[in-house]
Amino acid sequence: MGILARVGSALQRLFGDIAETAANESGVIERTRKFTALSLARTFVLGFLQNPKASDEKLAQMAAQCGADVTPQAIEQRHTAKLVDFLQKVFCQATKLIVGSDKALAPILERFTSTNLLDSSTIPLPDELEEQFRGCGGSHGGGKAALKLQTELDLRSGALTQVQIEPGRSPDGATSRQHARRGKGSLRISDLGYFNVQVFAAMAAAAEYFLSRLQFGTHVLLNNGNVVDLLPWLAKQGGPFVDQPILLGQEQRLPCRLIAWRLPAEQANRRRQKLRRESLSKYGKEPSAARLAWCDWTILVTNVPGEKLTPTEATVLYRARWHVELLFKRWKSQGLVAELSGSTALRQMVRVWSRLLAVVIQHWLVIGSVWGDPKKSLSKAYEAVRGFAGRLAAALTPAELEHVLDDVRKTLAKTCRRDPRSKPGTFELLNDPNLLDFGLT
């Protein structure tokens with residue numbers, strides 16, 4: 001099955017049996033008069049895909065394209081707890097549909113069965129949902145209530161392999177995704193929020209690979225069993241890279257590689273400035289001198305053997321982790337998933353789940369059209385697919401849907417070019433790691 005056929009199959013399932021099951025479980029369709037489960041899902045999801053700020057009037061217009069002749073007042077009356085439950089159930093099932101490209105993105109990625117970028121993003125919710133989704137307060141926790149999306153993106157295929165909903169205050173290190181098995185030969189790339197030597201040891205025991213920054217204060221031992229004072233030891237090593245077999249953790253003594261390089265002074269100073277701001281904001285004090293000195297280096301740890309991954313390639317792969325950060329940025333800045341709009345908590349939650357579903361569909365459409373093309377802007381592609389929301393709403397047969405998806409592909413192929421820039425992007429670097437400027441890592 002080709003990628004467009006997989007996108008079409010996912011859309012048919014989303015607006016077919018998934019919507020029907022969610023409607024039956026939520027009781028959102030009490031009497032089939034104007035709306036069916038299919039037309040209700042299409043109205044709200046495709047309505048907010050077309051316009052993340054869609055009014056009731058705009059949603060009524062979308063409903064007409066979905067075969068439901070309703071007024072804006074009827075749309076307003078649809079904002080109930082049952083509709084919120086319905087949309088949440090549809091979202092939870094939609095994220096289980098794996099839609100990815102078969103295109104060989106870069107030879108470096110073919111060395112692994114999958115390359116999973118693990119990260120999370122927090123979305124504020126109305127305070128009324130504090131009991132269900134507790135936030136941390138402040139700007140990062142989203143106030144009293146927030147949800148966290150633990151997300152895994154397969155870099156090779158572009159597929160969202162996991163979007164797990166958790167309370168906003170749940171720390172990344174405690175997520176159940178820490179203990180998920182991804183299969184022999186898979187690679188997990190994650191930031192310091194997920195750093196855990198025991199988790200890495202379990203991955204190694206399952207013949208899985210990890211790639212992570214080294215957490216400050218973690219014991220590093222040389223193969224002779226001696227604990228090393230890391231920064232002075234690094235300063236004595238020669239060459240542009242330090243690539244050294246080590247034992248990680250005082251107790252675990254996990255065999256792996258340490259890959260490190262010294263940053264340019266300007267980049268190191270920017271890191272120190274950011275660290276000071278975060279420390280003062282969170283703890284009310286300056287970071288220690290040892291912690292500030294750590295900013296002079298980028299230090300990675302991995303269990304991928306040297307013959308499988310060079311230091312430069314490891315650096316490029318870790319840098320590619322920002323792809324999932326950019327995904328969250330598109331969801332929030334373009335899809336407005338973190339914007340609480342609406343006069344009531346119910347209206348706000350209808351928008352949260354509708355917008356989240358809309359960005360998932362956007363992702364499918366973009367993956368099916370331009371994933372891995374270094375000449376394309378994914379942000380522009382996300383915007384371009386909005387114009388097809390009406391046609392998707394009216395495409396009731398597989399043949400009609402196939403025609404719309406082919407037009408999406410053709411349109412994105414001719415447009416959405418990336419703006420000129422002096423530095424290579426992720427896809428270029430994956431194909432030629434030697435293009436990397438280490439002053440940017």
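- Here H79 pairs with F44 under the ring pair (Phe, Tyr, Trp, His ring centres under 6.0 Å) rule; sequence neighbours left out.
- Contacts of E131 classified as salt bridge (Lys or Arg N to Asp or Glu O under 4.0 Å), with partners at least two apart in sequence or in another chain: none.
- Among the candidates K423, K375, R418, R319, the single residue satisfying the salt bridge (charged side-chain N to carboxylate O under 4.0 Å, His left out) test with E428 is R418.
- Sorted by first then second residue, the salt bridge (charged side-chain N to carboxylate O under 4.0 Å, His left out) pairs that include residues 198-209, not counting sequence neighbours, are R181-E208.
- Within the structure, salt bridge (charged side-chain N to carboxylate O under 4.0 Å, His left out) contacts touching residues 222-249 (residues at least two apart or in different chains) are D243-R257.
- Between L83 and L40, some side-chain heavy-atom pair lies under the 4.5 Å cut-off.
- Under the ring-ring contact (aromatic ring centres under 6.0 Å, His included) criterion, the residue pairs touching residues 335-370 are F91-W353, with sequence neighbours excluded.
- Salt bridge status for E383 with R386: present, with a side-chain N to carboxylate O gap under 4.0 Å.
- The existence of a salt bridge linking D102 and R6 is confirmed by a sub-4.0 Å separation between a basic side-chain nitrogen and an acidic carboxylate oxygen.
- By the side chain to side chain donor-acceptor pair (under 3.5 Å) test, T95 pairs with no residue at all, sequence neighbours left out.
- Salt-bridge formation is detected for the pair R347/D56: a Lys NZ or Arg NE/NH1/NH2 atom is positioned less than 4.0 Å from an Asp or Glu carboxylate oxygen.
- Applying the side chain to side chain donor-acceptor pair (under 3.5 Å) test to Q250 and every residue at least two apart in sequence or in another chain returns nothing.
- Atom NZ of K58 has 12 or fewer neighbouring heavy atoms from other residues, nucleotides or ligands inside a 6.0 Å radius.
- Listed for the T113 side chain is a donor-acceptor partner under 3.5 Å among the backbone atoms of K184.
- For W322 and F328, the ring centers are positioned 6.0 Å apart or more.
- Look at R213 and D191 and you find no salt bridge, because none of the NZ, NE, NH1 or NH2 atoms lies under 4.0 Å from a carboxylate O.
- The ring-ring contact (aromatic ring centres under 6.0 Å, His included) contacts involving residues 198-221 comprise F112-Y209, F195-F200, F200-F210, F216-W294, where partners must be two or more places apart or lie in separate chains.
- At most 12 heavy atoms of other shown residues, nucleotides or ligands fall within 6.0 angstrom of atom CD in E251.
- In this structure, a donor-acceptor pair under 3.5 Å is present between the side chains of Q267 and R270.
- Between atom CG of residue L117 and atom OG1 of residue T151 there is a gap of 11.0 Å, rounded to the nearest 0.5 Å.
- Looking only at atom types and distance, the side chain of T426 has no donor-acceptor partner in the side chain of R321 under 3.5 Å away.
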Would you give me the side-chain donor-acceptor pairs under 3.5 Å for residues 14-21, sequence neighbours excluded?
unit_1: D17; atom_1: OD1; unit_2: R13; atom_2: NE; d: 3.4
unit_1: D17; atom_1: OD2; unit_2: R13; atom_2: NH2; d: 3.1
unit_1: T21; atom_1: OG1; unit_2: D17; atom_2: O; d: 2.9

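- In this structure, the side-chain contact (heavy atoms from CB on, under 4.5 Å) partners of S279, at least two apart in sequence or on a different chain, are Y283, P287.
- Listed by first then second residue, pairs satisfying ring-ring contact (aromatic ring centres under 6.0 Å, His included) with a partner in residues 152-190 number zero, not counting sequence neighbours.
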| So R272 and D296, salt bridge (charged side-chain N to carboxylate O under 4.0 Å, His left out) or not? Walk me through it. | CA-CA 9 Å; R272 274 187 276 272; D296 286 325; 3.0 Å; yes
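- No more than 12 heavy atoms of other residues, nucleotides or ligands shown are found within 6.0 angstrom of CD on Q198.
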Q: Begin with the C-alpha distance, continue with both residues' side-chain angles, and end with the deciding distance and a verdict on side-chain hydrogen bond (donor to acceptor under 3.5 Å, both in side chains) for Q215 and Y194.
A: CA-CA 10 Å; Q215 189 172 69; Y194 302 89; over 6 Å; no
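- Legend: residues meeting side chain to side chain donor-acceptor pair (under 3.5 Å) with S101, ordered by chain and number and at least two apart, are absent.
- The neighbour count for K103 NZ, taken as heavy atoms of other residues, nucleotides or ligands under 6.0 Å away, is above 12.
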inquiry  = Please evaluate residues R351 and E339 with respect to the criterion salt bridge (charged side-chain N to carboxylate O under 4.0 Å, His left out), reporting the C-alpha separation (whole Å), side-chain torsions for both, the decisive distance (0.1 Å), and the verdict.
reply    = CA-CA 9 Å; R351 281 156 175 73; E339 181 177 298; over 6 Å; no
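- Salt-bridge check for E110 with R156: passed, with a basic side-chain N closer than 4.0 Å to an acidic carboxylate O.
- A donor-acceptor pair is defined here as one N or O able to donate and one able to accept, closer than 3.5 Å; such a pair exists between the side chain of Q334 and the backbone of S379.
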